[in-house]
Structure formats: C-alpha cells, structure tokens
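Quick note: numbers below take in every heavy atom, side chains included, and nothing from hydrogens, waters or symmetry partners. Throughout, residue positions are numbered sequentially from 1 according to the sequence presented. Predicted model, so just to flag it, every value in this text is computed and none were measured.
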Amino acid sequence: MWIPFSMGPVGSPIAKIGVQITDSPYVVTNMHIMTRVGNRVLEVLGDSGEFVPCLHSIGKPLLSCQDDAGQWPWRPD
C-alpha cells in the first residue's frame, strides 16, 4: 500500500509532503489519524513536486495462506 500524506495543513508553505509505502494495515490506519491523507495531497504534489519517500515494513513476509494475527510486534526466533 502507498499513502500520500501531508505533515501539516495541505498546501501550507511549512507543511511537508511524504509518500509512505507499507505492508501494514495498522500503519495505514494510524497515518490517517496522525496526518492529512488523500487526493488533496496528490493535487498539491502534482507531477513534479518534492516529497519525502518513506518505507515501513513489519519485517516478516507472510505466505498467502498465513494470517498476520499474533505476528506483531515481530521478534526474530
């Protein structure tokens, strides 16, 4: 999943725009709580706007038949 977000009011000269790539629905939910997310951010970003690239991973690939319940936080065996 990728999430365009703005840290601060969308369009503000002091707001920072970022694009986060994540494999965690938990992170997506929290990004919606903590930042401004959505099409307005993409409109401000445009085709050549400046943004902070972000990557978040839970760090443990799951097979398609595996459920991620009980997998967070991941600890190495």
Side-chain angles (χ1 to χ4, degrees):
M1 296 168 266
W2 64 280
I3 311 159
F5 67 91
S6 178
M7 294 293 286
V10 178
S12 168
I14 61 171
K16 297 297 179 194
I17 292 179
V19 177
Q20 173 128 322
I21 297 174
T22 182
D23 57 356
S24 170
Y26 179 81
V27 168
V28 173
T29 299
N30 281 282
M31 288 298 289
H32 280 266
I33 294 169
M34 298 184 305
T35 68
R36 286 130 171 124
V37 176
N39 289 334
R40 286 192 57 220
V41 176
L42 291 175
E43 291 169 7
V44 170
L45 183 60
D47 291 332
S48 59
E50 185 177 314
F51 67 94
V52 177
C54 306
L55 174 65
H56 174 274
S57 174
I58 61 170
K60 183 176 181 181
L62 300 174
L63 300 174
S64 61
C65 61
Q66 285 181 296
D67 185 14
D68 65 352
Q71 300 291 328
W72 190 90
W74 178 72
R75 293 182 192 97
D77 295 333

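Hydrophobic clustering of Ile, Leu, Val, Met, Phe, Trp and Tyr side chains at less than 4.5 Å, counting indirect connections, keeps I3 apart from V19. F5 is connected to V27 through a chain of hydrophobic side-chain contacts under 4.5 Å among Ile, Leu, Val, Met, Phe, Trp and Tyr, so both are in one cluster. No continuous path of hydrophobic side-chain contacts links V52 to M31 [ILVMFWY only; heavy atoms under 4.5 Å]. Hydrophobic clustering (side-chain heavy atoms under 4.5 Å, transitive across Ile, Leu, Val, Met, Phe, Trp, Tyr) keeps L55 apart from M34. When hydrophobic clusters are built by joining Ile, Leu, Val, Met, Phe, Trp and Tyr residues whose side-chain heavy atoms come closer than 4.5 Å, directly or via intermediates, F51 is grouped together with W2.
For the pairing with Y26, the side-chain contact (heavy atoms from CB on, under 4.5 Å) check across N30, T22, T29 returns one residue only, N30.
Heavy atoms of other residues, nucleotides or ligands lying less than 6.0 angstrom from CE of M7 number 12 at most.
Considering CD of E50 and NZ of K16, their distance stands at 6.5 Å, rounded to 0.5 Å. Between the CG atom in D23 and the NE2 atom in H56 there is a gap of 7.5 Å [rounded to 0.5 Å]. Atoms CD1 and CG, from I17 and L42 in turn, are 8.5 Å apart once rounded to the nearest 0.5 Å.
Not counting sequence neighbours, S6 has no partner by the side chain to side chain donor-acceptor pair (under 3.5 Å) test.
A donor-acceptor contact shorter than 3.5 Å is absent between the side chain of T35 and the backbone of V37.
The nearest pair of heavy atoms linking R36 to G8 is CD-O, 3.0 Å.
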